[in-house]
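Before any comments, here is the structure.
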Amino acid sequence: MAGKVKWVTDIEKSVLINNFEKRGWVQVTENEDWNFYWMSVQTIRNVFSVETGYRLSDDQIVNHFPNHYELTRKDLMVKNIKRYRKELEKEGSPLAEKDESGKYLYLDFVPVTYMLPADYNLFVEEFRKSPSSTWIMKPCGKAQGKGIFLINKLSQIKKWSRDSKTSSFMTQSTKEAYVISLYINNPLLIGGRKFDLRLYVLVSTYRPLRCYMYKLGFCRFCTVKYTPSTSELDNMFVHLTNVAIQKHGEDYNHIHGGKWTVHNLRLYLESTRGKEVTSRLFDEIHWIIVQSLKAVAVNASPSLTSSTANDRILKYNLINDTLNIAVPNGEIPDCKWNKSPPKEVLGNYEILYDEELAQGDGADRELRSRPGQSLGPRGGRSRDSGRTVLTTWK
Amino acid sequence: MLQEESDLALIIAQIVQKLKGSNLYAQLERQAWGSWEKRILKSLNSMCTELSIPLARKRPVGEQKELLNKWNEMGTDEPDLSLFRPVYAPKDFLEVLINLRNPNYENGDSHSFRTHLGLIQVPLKVKDIPELKEFFVELGLTAGQLGIDDSTQVPPELFENEHVRIGQKVLSEQDSAAAQQYIRQGSPTALRAELWALILNISSQPEDILYYEQLKTNVIQHDLLVDSLIYKDVKLTASNDDYYFVFEDYLYQVLLCFSRDTSVLGHFAYNSASPPKSYIRGKLGLEEYAVFYPPNGVIPFHGFSMYVAPLCFLYHEPSKLYQIFREMYVRFFFRLHSISSHPSGIVSLCLLFETLLQTYLPQLFYHLREIGAQPLRISFKWMVRAFSGYLATDQLLLLWDRILGYNSLEILAVLAAAVFAFRAVNLMEVTSLAAAEAVLADLSTLKVMPLLQIFLFATVT
């Protein structure tokens, strides 16, 4: 058994376990010597909390960076992005350029957002500027669409007001932290329905930043037609796309689960809107992902529960490709590794950003001056190879 | 002088032969279609009687208002459709085709036909591979193709960029014939919607939009029994499809209008079938009281909505979508479910498929026959639906590009044969029809252009 990767997990999901077993890896307990631990969010928190002071040894890998919650918790993510933008501005980076009205040219990808109850008064000021707008309330620490609701009247969030009378019976800390963002009520609709994107990104190292995007992401559709009408603000089936919510709608169809592959989406958009617009859209999505990662760290727990047969296959393959990149050739991990894995092991991942590659070749690297004219994710074929444009990836 | 005379004699003989043949075939077609038509009308009428629902009725005003409000989301309506059944499914139609017989077996043509071991027993003329290679010359190995030469491994300068440029030029010149020639090598995704419209001569004029609105009004005001059949079909097929479920509501908007569109009756002039007729109550058999039912003369069968579904990837404006579909139907799709001797008719396609298989993959053909898995029983449904719902959407659109480019449905039969060729190794190992079906159940990963190219141009014949 010498030389075989020893694994532990506290998540009993077949898509994980089958992948470990097929590689001939050896299952051990967390008290024994392990090389690879696929941890649940709970465990990560405990393992890396300040009190335990646990340190990974050189031959150990886990599936989350210790500060993953910096991106998962909505309030922390917003804080990080705002701070990142300010830092870039201070450094005089061209990325932080603004237009005449003070909007960021390249980093304006988060709608106006406030923390509640902390920024309540700031929020009210903004709300009063456009009183007919709709805002979306999301609890900071929850996922799967839990606890989200829409408001268009201040009275609906009285609870979070710092001065509210009800708060005299509660201390600040018992009010659950929420973020409130301006709701985008003219989303792109397909077949009259709203949808969102579920994309998988793997970050293998953080310094230098090396991340991969899984090519088989998907869109999740609402079962009901979208309407911005205020009478339907309460109808979660219209506004929220999370499968956990949609699953309980009357029209939820168990055969396809209301999903499209990103590939379908691309085909549809190219067919109906044209190639340039579609390419630019995907470039901007990739840009947002990389910038968010730079601002912060990595995400916590993608759902490993499969809702349909196709879904199960997707997740199995996803984990398979993930493991191939994270633990190349099934070798015992060594923290001194810093090589980029060869193209063959990428599977359905493609390189989203590789800092070393980006900085290594200097002048003859592909460059770009603004997100719209980029050459797409590296690793995939560049479709606009005729144009050379300036890159300032940091 | 002698040469001229014998040439002339030959020509005359050929003409006589043709006339003889066409008379026979015309008779044949009319007979077969006549009895089929009677059957489906009977089925429709009995459904009517059983469920006590009239074939057509005017909607009360309240119901009209409600439908108008729901026009964009008819998919959320859940009428009780459990008692409705499709009037027929492709396999029922296949049985009819299998039972077609040429009454005149003395015909010299049928000599070689006696060795035909497939299900189709009508000796129509179909192309062999050399003829297909000539017909589909632009699909050859030396020409660039979208669906092959635009894959990520191939640098775009080699073919794709230039092809896109030419496509844009064709569009800017609005040259329909050039577009048809161009699209034989496939259409770039961004140009496809416009190219198809150009080839089909569809331009959304105000009168077209008005015409569609009138059909919509018709739907609002009258309820037809076939509407329930359409609902049922959409719910059973498109709503469960990975790609097309999103467009469910568009399908109702197109198909309900389609069944009321009497201009569609026009295609029966070149269709050897005739539209099914019904009679006003109590006036059975009296021609003055005959009406076409449904008004467009087309009774939808199980899977019919799949003709429309792929088009939703290209057109999202209802009246344009409608026009494109209608034109595709009267040019192509109707041939897939009516009996005729036309080379693009389903009978010819079936025969072409079987002949290709028997001639070029004899071992496979005989093996499948032996185990009771006549290949046509599996491929029929693919061809009747023009592969919609069986291929990935991008592949399907590349296939339909070629249908438009060559103005022929023969490519469906060639593709069907190519699929069997591709999976031949696995098929040789199966021992039952069910197992064969399983091998061919999932076509969603197939790339059609390489398959077609290999089958036509790279297989040793």
I need the [X] [atom1] to [Y] [atom2] distance, nearest 0.5 Å.
X: A/Arg273; Y: B/Thr189; atom1: CZ; atom2: OG1; value: 14.5 Å
X: B/Leu191; Y: A/Ser271; atom1: CG; atom2: OG; value: 10.0 Å
X: B/Phe247; Y: A/Arg193; atom1: CZ; atom2: CZ; value: 9.5 Å
X: A/Thr261; Y: B/Asp242; atom1: OG1; atom2: CG; value: 8.5 Å

Query raised in the report: A/Asn264 and B/Phe313: which non-hydrogen atoms are nearest, and at how many Å?
Result: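 Closest approach of A/Asn264 to B/Phe313, heavy atoms only: O-CE2, 3.7 Å.
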Report task. Heavy atoms only: give me the nearest B/Asp394-A/Leu267 pair and the separation to one decimal. Result ->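 Taking B/Asp394 first and A/Leu267 second, the nearest heavy atoms are N-CD2, 3.7 Å.
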Query raised in the report: Heavy-atom count around B/Lys65 NZ within 6.0 Å, excluding the residue itself: above 12?
Result: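 Count not over threshold, so no.
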Query - Crowding at CD1, A/Ile184 (>12 non-hydrogen neighbours, <6.0 Å) - result: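 No, the 6.0 Å shell around CD1 holds no more than 12 heavy atoms from other groups.
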Query - Atom group of B/Tyr250 that falls short of 4.5 Å from chain A, counting heavy atoms - result: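 Only the side chain of B/Tyr250 comes within 4.5 Å of chain A.
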Requested in this report: Run the numbers on B/Leu314 and A/Tyr268 for side-chain contact (heavy atoms from CB on, under 4.5 Å), then give the verdict.
Outcome: CA-CA 7 Å; B/Leu314 302 174; A/Tyr268 176 81; over 6 Å; no
Query raised in the report: So which of B/Ala190, B/Ala392, B/Pro188, B/Ser187 has the biggest tally of heavy-atom pairs under 4.5 Å with chain A?
Result: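 Most heavy-atom pairs within the cutoff with chain A belong to B/Ala190.
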